[in-house]
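All values below come from the heavy atoms of this structure, side chains included, with hydrogens, waters and symmetry mates left out. Numbers here are sequence positions counted from 1.
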Amino acid sequence: MARGRASFTHKDERPRSVGLAVRSQGGLGNVRVPRRAPAGAFDVEDRARRAGRGTDGRGIVHAPSTRAAAWLLVALAAASGCIDVICLTKLNGYFASVVTGNLVHFGHAIATADTRSLAGAVVAVGGYAVGVAGATVPLRHTPPGWNRRTAVVTSVEAVLLLGFTVGWVACSARPGYGFGLVLLAMAAVSSGIQSVITVAAGIRGASTTYLTGSLTELVRRRVVDPHRFADVGGAGRLAGLVVGAVLGTLVLRTAPTWASVPAAVLVVAVIAFAIGLTQRARTAAGRSQPR
């Protein structure tokens, strides 16, 4: 009796191997039913392989958990609050990350023909855009989550903040107009990089620099469902930003020369913890695999 072979296709699933043999209706023979990997597993594994990342053979990428990544983003939000306080109070009123406020400055400078203010706005907005573009290029083909490339890009942000700190110390926390623009550019580029890192972390809707959307979503969810407080991560990032701003202000008042040190330390700590968590995840995945 001829044997038939069933064929199944799905846009998100690909047959991995021939699996169970079941009896067909009418007793006409056995039908081989192919087993399938979970939807999207091949896509994740292929993207991870192209990005130079290891998987456990099931499409699972070795990276910190979503909860761990959420805490890392809280630390980055605190770093953003700290550096923005310095830029806002000491660098002609511009932000390193809040493009909306900088665009308002830009419009005001155009209307008043204030060339010095106009230059500051161009540096702040342009620097942020450069940071976004520069960080997007190496991360555009990587799967969501923290990985080796994310650590490298975050290291670039850390180098910029360390450079900002060196410059801030060198001018004794009193930069002139020209050098102030240089420092503002470094802070803005680092903020643009951080925004891309946050998006690449794989947490939907997360932000560590522009938090208007986070506050909007937090309030909206509370109104829609008052009995459920779901967006804990959003609340944590908002709190982190405020804590960072408080910390930056306190250091700026008591030891102004070292005001940017907390921001740099926070970003370096994020890199160290992310690498450590990734190594632990890889070790745990390796032990769980059959030998």
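A heavy-atom distance below 4.5 Å is found between the side chains of Leu139 and Thr150.
Applying the side chain to side chain donor-acceptor pair (under 3.5 Å) test to every pair with at least one member in residues 197-207, sequence neighbours left out, gives these pairs: Thr198-Thr208. Residue pairs meeting the ring-ring contact (aromatic ring centres under 6.0 Å, His included) criterion with at least one member in residues 236-270: none, sequence neighbours excluded.
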Show me the donor-acceptor pairs within less than 3.5 Å that the side chains of residues 165-172 make with the rest of the protein, sequence neighbours left out.
unit_1, atom_1, unit_2, atom_2, d
Thr165, OG1, Leu161, O, 2.9
Thr165, OG1, Ser260, OG, 2.9
Trp168, NE1, Pro256, O, 2.7

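With rounding to the nearest 0.5 Å, the separation of CD1 in Ile271 from OG in Ser155 is 4.0 Å. Between atom CZ of residue Arg148 and atom CD1 of residue Ile275 there is a gap of 10.0 Å, rounded to the nearest 0.5 Å. Here the straight-line distance linking atom CD of Gln194 with atom CD1 of Ile83 works out to 10.0 Å at 0.5 Å rounding. Atom OG1 in Thr89 sits 9.5 Å away from atom CZ in Arg253 (nearest 0.5 Å). Considering OG of Ser80 and CG of Leu266, their distance stands at 11.0 Å, rounded to 0.5 Å.
Other residues, nucleotides and ligands place no more than 12 heavy atoms under 6.0 Å from the CZ atom of Phe273.
Under the 4.5 Å side-chain heavy-atom criterion for grouping Ile, Leu, Val, Met, Phe, Trp and Tyr, Ile197 is not connected to Val159 through any hydrophobic cluster. Linking ILVMFWY residues whenever their side-chain heavy atoms come closer than 4.5 Å, directly or via other members, places Tyr210 and Val132 in the same cluster. Leu91 and Leu162 fall into different hydrophobic clusters, where Ile, Leu, Val, Met, Phe, Trp and Tyr side chains are chained together by heavy-atom contacts under 4.5 Å. In the hydrophobic cluster analysis, where Ile, Leu, Val, Met, Phe, Trp and Tyr join through side-chain heavy atoms closer than 4.5 angstrom, Ile193 is grouped together with Val99. Both Leu184 and Val156 are part of a single hydrophobic cluster, where members link through side-chain heavy atoms under 4.5 Å apart.
Closest approach of Gly248 to Cys82, counting heavy atoms only: CA-SG, 3.7 Å. Of all the heavy atoms in Ile203 and Ala69, the pair that sits closest is CD1-C, 3.9 Å. Across Leu277 and Ala68, no two heavy atoms sit closer than the pair CD1-CB, 3.7 Å. The shortest non-hydrogen separation linking Ala96 to Cys87 is CB-SG, 3.9 Å. The two residues Ala259 and Leu252 come nearest to each other via the heavy atoms CB-CD1, 3.4 Å. Summarising the geometry of Leu73 relative to Ala206, their closest heavy-atom pair is CD1-CB, 3.8 Å, with the distance given to 0.1 Å.
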Take Thr209 and Tyr128, measure what side chain to side chain contact (heavy atoms under 4.5 Å, CB included) needs, and give me the verdict at the end.
CA-CA 11 Å; Thr209 52; Tyr128 183 89; 4.0 Å; yes
Might you work through the side chain to side chain contact (heavy atoms under 4.5 Å, CB included) test for Asn92 and Ser117, ending with a clear yes or no?
CA-CA 8 Å; Asn92 302 315; Ser117 181; over 6 Å; no
Can you list the steps and then say if Ser190 with Phe164 is a side chain to side chain contact (heavy atoms under 4.5 Å, CB included)?
CA-CA 10 Å; Ser190 70; Phe164 181 98; over 6 Å; no
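Hydrophobic clustering, defined by side-chain heavy atoms of Ile, Leu, Val, Met, Phe, Trp and Tyr closer than 4.5 Å, groups Leu118 together with Phe106, Ile110, Val122. Residue Val98 belongs to a hydrophobic cluster whose other members are Leu88, Phe95, with links defined by side-chain heavy atoms closer than 4.5 Å. Through chains of ILVMFWY side-chain contacts below 4.5 Å, Val246 is grouped with Val242, Leu250.
With sequence neighbours excluded, the residues satisfying side-chain contact (heavy atoms from CB on, under 4.5 Å) with Val265 are Val261. Qualifying side-chain contact (heavy atoms from CB on, under 4.5 Å) partners for Val270, counting only residues two or more places apart in sequence or in other chains: Leu72, Ala75, Leu76, Trp146. Considering only residues two or more places apart in sequence or on other chains, Tyr94 meets the ring-ring contact (aromatic ring centres under 6.0 Å, His included) condition with His105. Arg220 is linked by a salt bridge (Lys or Arg N to Asp or Glu O under 4.0 Å) to Glu217, counting only residues two or more places apart in sequence or in another chain. With sequence neighbours left out, the side-chain contact (heavy atoms from CB on, under 4.5 Å) criterion links Val219 to Leu215, Val223. By the side-chain contact (heavy atoms from CB on, under 4.5 Å) test, Thr115 pairs with no residue at all, sequence neighbours left out.
Judged purely by atom type and a 3.5 angstrom limit, Thr142 has no side-chain atom pairing as donor or acceptor with the backbone of Pro138.
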